Chemist: 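So that we are looking at the same thing, I have put the structure below in structure tokens.
Just so it is clear, the model here is predicted, and its values are computed rather than measured. First the proteins, then the strands, lettered A, B, ... as listed; each starts at 1.
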Protein chains: 4
Amino acid sequence: MDSPLNNREIASRKRREQVLDAAAACFVERGFHQTGMREIAKRASVSLGNLYNHFPSKHDMLIGLAELELSSVDPFVEMLMRNVRPSVCLREFTRAYFQHCSDHDAAILYLDIAAEAMREPDIAERFLQARSTLAEALTSLLFKGVESKDFGPSIVDTSTADLILDLIEGAAARGSIDASKPDMLMASIEAMVFAALRH
Amino acid sequence: MDSPLNNREIASRKRREQVLDAAAACFVERGFHQTGMREIAKRASVSLGNLYNHFPSKHDMLIGLAELELSSVDPFVEMLMRNVRPSVCLREFTRAYFQHCSDHDAAILYLDIAAEAMREPDIAERFLQARSTLAEALTSLLFKGVESKDFGPSIVDTSTADLILDLIEGAAARGSIDASKPDMLMASIEAMVFAALRH
Amino acid sequence: MDSPLNNREIASRKRREQVLDAAAACFVERGFHQTGMREIAKRASVSLGNLYNHFPSKHDMLIGLAELELSSVDPFVEMLMRNVRPSVCLREFTRAYFQHCSDHDAAILYLDIAAEAMREPDIAERFLQARSTLAEALTSLLFKGVESKDFGPSIVDTSTADLILDLIEGAAARGSIDASKPDMLMASIEAMVFAALRH
Amino acid sequence: MDSPLNNREIASRKRREQVLDAAAACFVERGFHQTGMREIAKRASVSLGNLYNHFPSKHDMLIGLAELELSSVDPFVEMLMRNVRPSVCLREFTRAYFQHCSDHDAAILYLDIAAEAMREPDIAERFLQARSTLAEALTSLLFKGVESKDFGPSIVDTSTADLILDLIEGAAARGSIDASKPDMLMASIEAMVFAALRH
DNA sequence: TATGAATGAGCCTTCATTCAT
DNA sequence: CATGAATGAAGGCTCATTCAT
């Protein structure tokens, strides 16, 4: 009869999520350092003190968010590993990942996390881990594409995947800031990526 | 007759610069919001109150820095407008600009300014202005290259310059975080850029 | 029939002691006001909420400790009432009590309790009661010693016992702070006490 | 014309004193750890933030107080070094110092400082320094008294002065707590001290 | 122009205690 | 009796900014 225990655990987990959501919303609206714990508490409908039953510090909330961010790339990794023609797979990935990175709120939060990562090693760690997982999957795909003659061999090396990601992320982030037409941007990105992989 | 006034003016300008340098150093070290005015004052060897004789607020210091950042792209704009073969010009620019963006401190500061720009329109304004100036110059070069058949025509449109800049900046920024080998990265970027411009 | 109840009672009493020990250790290490209930709970291997099943408040823990302190003088009272030559008895008592007061942890706790007693009447009550019990016993011994001509009569009055205790306690407390040689100190105290009681 | 500078300096010093007085009053009333910075600020008629222009931390206020305490023994040291008959000098000192230590507020503050000294080395340092200065002066007097045959030689050693101080301080502190008749106490102390120094 | 004391709102965090489970 | 999530007031301290000198 572990259900009462589980109930409590579930409730606690829910609260944690609640808090994390509130924190994310606040950080997006006002930035990590401008957001006060009181704001987060109010937004999460939780008492100030209780915040600390779920996260030992504000910093740890950001870590929590960074980890969420980390796990948000999982579907893209999966997408890259599907057994379809590399060029098709890449095209789909590019579109989907660009869409994902173009989300305005996520982009803002991403920037804040990145900025914090420059000063806080434990944030950087999470940050880079997600990135390298993705890059590795993409690298695999690229090499598979070269082998299957889907892509030209000339310029594919271990940095290429990273650069493609840099390009997608950078363009998406900038696009979400100055709010230019994302469709056109998407097309241009695709063109550039595939130009790089031509025979 | 106005020479004593000029001396004062010069001295004041020097102080301003002194303060701005100190602010930049502090922002790089601890971030904009973590840095206190006292810290800046101490680092600039200026009294706390005197800070406000040179900048009306902390926010204005960041604007000052953003403007400095803005003017730091001037040489690159000039570089892009020189009358040399577009492909040569582009190669040189790519290298120089990547180098420029790879500076660790500058990258950190850049990130902080960008993060602030998401919430503060007057920062965003300066931020985007510098970017679009550069993008315009690069676009000109690309079209010139297409005209002169230096570059293939296929994919060059008004977004291409922005994407190239996104790529360079994104790669440089990431490189300055995880400190991987910049030389290899540079070569890969060049390859990708020129692949995109092939006939 | 009442044995299960007794078992529970015993277990509870054990827990109470456990908690009190933990509290004492914490108070010694960090002081009464610096110590948090969570700290005590952790040290006692008891849940935070359960603390309140044994003591209604933090304050009551200090009272509990003060009462323990109170009862720690019982053996000394007994020692003073033994039927041996007063001078011998006094000498033994002086040594034993000095030793007792010289314990570093006990001295720290004692000081904290005393400081709290200045503001909290119920602490003060316990605190002074223990003291006066001891002083009365010592006074009896002194008068017995005067009667039996063991001690000179000149200066023995109702304050003398208190002063002797002040001397022993004060010296022990100071000794436990600056950690000078306790043996020498002990000898000097004895000399001074007996000098005061000479014929 | 350094008067304007001095004026400011004087004002600042006055404020510091003001704050220290307020802190002392608060610490006496409610204890060091119970007193909040806001209380001190209010009592000193100073803004909360400004407190920190005069003391870097609450801890430093206690140090300031401990140093004041330290300097409060100076007149007693002088008294002990006057060129009068040792026995007369000692009697006067005993009375004066007892009176000094009997002050209720000072005793309370003293206890708080002592309690803090057990955990904070920099408090202990100040605390013990004042004590040893006094003890040294008293030791000198005692030896002078032995030489001049004012005092019997038997028990005077390097600990004696400390013990006399322990006695006076301990008795005064206790007296200020349970508020028994100080005059009688004073007489008993004197008797005990001089009994210890008899031929 | 230059100084740094002064302001009080705000910071993150910890507190003793309660109470549903 | 046992648990630990929940509460919100209070903790010490820092903040950007002002202003008398």
Side-chain angles (χ1 to χ4, degrees), chain A residues 3-5 7-9 11-12 14-16 33-42 45-61, chain B residues 8-9 11-12 15 33-42 45-61, chain C residues 8-9 11-12 15 33-42 45-61, chain D residues 3-5 7-9 11-12 14-16 33-42 45-61:
Chain A
S3 112
L5 192 75
N7 278 350
R8 272 223 243 167
E9 245 178 59
S12 181
K14 211 168 171 176
R15 271 269 206 267
R16 204 193 121 97
H33 290 290
Q34 275 90 335
T35 299
M37 293 302 263
R38 280 164 176 81
E39 273 173 83
I40 299 172
K42 193 163 287 178
S45 303
V46 156
S47 79
L48 174 60
N50 196 18
L51 243 44
Y52 289 85
N53 285 322
H54 298 281
F55 294 92
S57 76
K58 195 187 179 187
H59 180 84
D60 289 280
M61 284 187 187
Chain B
R8 268 221 246 166
E9 241 178 62
S12 179
R15 269 268 209 270
H33 290 289
Q34 275 88 337
T35 299
M37 294 301 262
R38 278 169 167 80
E39 238 170 310
I40 299 171
K42 188 165 288 178
S45 305
V46 157
S47 80
L48 175 60
N50 197 17
L51 239 46
Y52 288 83
N53 290 323
H54 299 283
F55 295 91
S57 77
K58 191 186 176 189
H59 181 84
D60 288 282
M61 284 186 188
Chain C
R8 268 223 246 164
E9 239 178 65
S12 177
R15 268 268 209 271
H33 291 289
Q34 276 87 335
T35 297
M37 293 301 263
R38 278 169 167 80
E39 238 169 309
I40 298 171
K42 189 163 287 176
S45 303
V46 157
S47 80
L48 176 59
N50 197 16
L51 240 47
Y52 288 84
N53 288 323
H54 298 284
F55 295 90
S57 77
K58 192 184 176 190
H59 181 84
D60 289 282
M61 284 187 188
Chain D
S3 111
L5 192 76
N7 278 349
R8 273 226 242 166
E9 245 178 59
S12 181
K14 210 169 174 176
R15 270 270 206 266
R16 203 192 122 98
H33 290 290
Q34 274 90 334
T35 298
M37 293 304 263
R38 282 160 179 83
E39 273 172 82
I40 299 172
K42 193 162 286 178
S45 303
V46 157
S47 78
L48 172 61
N50 197 19
L51 242 44
Y52 290 85
N53 285 323
H54 298 282
F55 295 91
S57 76
K58 194 186 180 188
H59 181 83
D60 288 279
M61 284 186 187

Chemist: Check residues 46-58 of chain B and write down every donor-acceptor pair under 3.5 Å in which the side-chain atom is one partner and the other belongs to a residue at least two apart or another chain.
Modeler:
{"from": "B:S47", "atom 1": "OG", "to": "B:N50", "atom 2": "N", "distance (Å)": "3.2"}
{"from": "B:N50", "atom 1": "OD1", "to": "B:N53", "atom 2": "ND2", "distance (Å)": "2.8"}
{"from": "B:S57", "atom 1": "OG", "to": "B:H59", "atom 2": "N", "distance (Å)": "3.3"}
{"from": "B:S57", "atom 1": "OG", "to": "B:D60", "atom 2": "N", "distance (Å)": "3.2"}
{"from": "B:S57", "atom 1": "OG", "to": "B:D60", "atom 2": "OD2", "distance (Å)": "2.7"}
{"from": "B:K58", "atom 1": "NZ", "to": "B:F32", "atom 2": "O", "distance (Å)": "2.9"}
{"from": "B:K58", "atom 1": "NZ", "to": "B:T35", "atom 2": "O", "distance (Å)": "2.8"}

Chemist: Distance check needed: F:dG4 C1' versus A:R16 CZ, whole Å only.
Modeler: 17 Å
Chemist: Both A:S12 and B:K58 contact DNA chain F. Taking the nearest nucleotide for each, which residue is further toward the 5' end?
Modeler: A:S12
Chemist: Can you tell me the distance, in whole Å, between the NE2 atom of D:H59 and the P atom of F:dC13?
Modeler: 10 Å
Chemist: Distance from A:M61 atom CE to A:M37 atom CE, nearest 0.5 Å?
Modeler: 4.0 Å
Chemist: Take A:R38 and C:Q34, find for each the nucleotide of DNA chain E with the closest heavy atom, and name the residue whose nucleotide sits nearer the 5' end.
Modeler: A:R38
Chemist: Tell me: NZ of D:K14 to C1' of E:dA5, nearest whole Å?
Modeler: 16 Å
Chemist: Which part of the nucleic acid, if any, lies within reach of C:S57 when heavy atoms closer than 4.0 Å are counted: base, sugar-phosphate only, or nothing?
Modeler: sugar-phosphate
Chemist: B:D60 has an atom CG; how far is it from atom C1' of F:dA16, in whole Å?
Modeler: 12 Å
Chemist: Within the structure shown, what part of the strands sits under 4.0 Å from A:R15 by heavy-atom distance: base, sugar-phosphate, or nothing?
Modeler: sugar-phosphate
Chemist: Round to a whole Å and report the spacing from NZ of C:K42 to C1' of F:dT3.
Modeler: 15 Å
Chemist: How long is the line joining CD of B:E39 and P of F:dT14, in whole Å?
Modeler: 11 Å
Chemist: For the pair made of CE in A:M37 and P in E:dG10, what is the distance, rounded to whole Å?
Modeler: 17 Å
Chemist: Give the rounded distance in Å between these two atoms: CZ of D:R8 and P of F:dC19.
Modeler: 16 Å
Chemist: For DNA chain E, what string of dots and brackets results from 5' to 3' when Watson-Crick and G-U pairs need both distances under 3.5 Å, crossing pairs get [ ], and pairs with another strand get |?
Modeler: .||||||||||||||||||||
Chemist: For the atom pair CD (A:E9) and CG (A:N7), what is the distance rounded to the nearest 0.5 Å?
Modeler: 10.0 Å
Chemist: Using every non-hydrogen atom in the two residues, find where C:H33 and D:H33 come nearest and quote the distance to one decimal.
Modeler: CB-CB, 3.6 Å
Chemist: Tell me which residues in residues 45-55 of chain C lie within less than 4.0 Å of DNA chain F, going by non-hydrogen atoms.
Modeler: C:S47, C:L48, C:G49, C:N50, C:N53, C:H54
